[in-house]
Amino acid sequence: MLSAQKPGKIRQLLKNLKRDDSVNLGRRLLNHALGNGRKITDIPQENISRELVRMKLATLDDLLAEIGLGNAMSVVVARNLLNEPESNTEENTTRKLPIKGADGVLITFAKCCRPVPGDPIIAHISPGKGLVIHHESCRNIRGYEKEPEKFMAVEWDSDIDTDFIAEIKVDMFNHQGALANLTAAINDANSSIQSMNTEEKDGRVYCAFIRLTAKDRIQLANIMRKIRIMPDVLRVSRNRN
């Protein structure tokens, strides 16, 4: 088991990335920090030149590499490139992130296992993508302990105020109104359905694959518990790859 990283350690590990990987990661981080669909190619050259002078760097790639290596905060560089006031950056940098110690690092959550707060998690260090967060039992990262240079232990922040997408599978009898009752039960549990696909198993039973919102593992468990006691439901499980 990899030990969880303390705040600040994440960027140290990213410094092992090669130059090209650092530039690619820095570009993604900066494009993300610019916001509103803007990219570095939309920034006037004079703004870029001014930022290079401020940071005592020669080229844009040097700047992107510094961001990718964690030596420069993407939100600070974005503020300077956009000529935004200090207060806007302060608002961005103090915003709570789901993962401890990941400020200024691009984070994505793996769609193969869709982890939610409370799940045991591990991060794959992906050049150009930053940290990709997987459920610890995800089949796609099986045997990660043998490649410690590609993975790192991370922890959820204790104060997360956002919804995550989870996926569940419901086996149920094909009775009239059963699907409507299932939808109502999910809504009553303060969750929103993002997508639903059904697959007939035989003439009497079908499977519903549902992507829904959950704030954490506790809420997801409560949703599944409400579904499990419905009269037409045979089985509820979480799709976790």
Side-chain angles (χ1 to χ4, degrees), residues 1-2 4-5 7 10 32 91-92 94-103 105-124 129-142 144 151-175 177-199 201 205-241:
M1 181 73 67
L2 299 173
Q5 300 298 325
I10 290 176
H32 179 75
E91 178 180 307
N92 286 333
T94 57
R95 180 174 57 86
K96 277 287 186 181
L97 293 175
I99 303 300
K100 285 184 179 179
D103 295 339
V105 176
L106 185 64
I107 299 173
T108 57
F109 293 89
K111 294 181 179 179
C112 50
C113 52
R114 297 188 180 277
V116 299
D119 285 337
I121 51 175
I122 199 77
H124 176 228
K129 294 183 179 179
L131 301 182
V132 181
I133 310 300
H134 287 262
H135 193 287
E136 205 172 62
S137 66
C138 179
R139 288 200 299 267
N140 286 346
I141 60 166
R142 188 171 292 165
Y144 68 84
F151 294 90
M152 61 185 298
V154 288
E155 295 178 352
W156 296 104
D157 198 282
S158 58
D159 184 18
I160 305 172
D161 187 22
T162 187
D163 287 330
F164 290 75
I165 304 297
E167 185 171 324
I168 62 173
K169 176 187 174 186
V170 182
D171 295 336
M172 57 194 308
F173 286 118
N174 190 8
H175 290 166
L179 211 56
N181 292 336
L182 174 61
T183 301
I186 293 172
N187 289 334
D188 288 344
N190 296 318
S191 175
S192 299
I193 295 175
Q194 302 298 299
S195 67
M196 179 186 296
N197 296 303
T198 59
E199 178 183 295
K201 295 183 70 173
V205 176
Y206 63 84
C207 300
F209 299 90
I210 307 168
R211 289 178 184 170
L212 45 73
T213 61
K215 291 190 178 299
D216 52 33
R217 190 170 61 171
I218 294 175
Q219 185 189 12
L220 182 58
N222 289 336
I223 294 168
M224 294 174 67
R225 192 176 300 114
K226 288 179 180 293
I227 295 173
R228 192 171 286 117
I229 63 175
M230 295 175 63
D232 291 320
V233 171
L234 298 171
R235 184 172 179 266
V236 183
S237 58
R238 181 177 173 188
N239 275 1
R240 205 169 55 203
N241 193 25

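Predicted model only: the values in this text are computed from it and were never measured.
Proximity of Met230 to Asn181: side-chain heavy atoms (C-beta onward) are separated by under 4.5 Å at one or more points. Side-chain atoms of Tyr206 and Lys201, non-hydrogen and from C-beta on, never get closer than 4.5 Å to each other. Within the 4.5 Å cutoff, the side chain of Gln194 has heavy atoms near those of the Thr213 side chain. Side-chain contact between Cys138 and Cys112 is present, with heavy atoms from C-beta onward closer than 4.5 Å. When side chains are defined from C-beta on, Ile186 counts as touching Ile210, because their heavy atoms get closer than 4.5 Å. The shortest side-chain heavy-atom distance between Ile223 and Lys226 does not fall under the 4.5 Å cut-off. The shortest distance between side-chain heavy atoms of Pro117 and Arg217 does not fall below 4.5 Å. Within the 4.5 Å cutoff, no side-chain heavy atoms of Lys100 are placed close to those of Trp156.
Between the CG atom of Asp119 and the CZ atom of Arg240 there is a distance of 6.5 Å, given to the nearest 0.5 Å. Residue Ile141 holds its CD1 atom at 7.5 Å from CD of Glu136, rounded to the nearest 0.5 Å.
Ile122 and Val154 get closest at one heavy-atom pair: C-CG2, 4.3 Å.
Residue pairs that meet the side-chain hydrogen bond (donor to acceptor under 3.5 Å, both in side chains) test with at least one member in residues 163-174, sequence neighbours left out, are Asp163-Lys215, Glu167-Arg211, Glu167-Asn239.
Classified by interplanar angle (parallel below 30°, tilted 30° to 60°, perpendicular above 60°), the ring pair Phe109/Phe164 is perpendicular.
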Inset, instruction - Check the pair Leu179, Met196 against side chain to side chain contact (heavy atoms under 4.5 Å, CB included), reporting the backbone distance first and the verdict last. - result: CA-CA 10 Å; Leu179 211 56; Met196 179 186 296; 3.9 Å; yes

Inset, instruction - Dump the intermediate steps for side chain to side chain contact (heavy atoms under 4.5 Å, CB included) on Asn140 and His124, then the final yes or no. - result: CA-CA 11 Å; Asn140 286 346; His124 176 228; over 6 Å; no

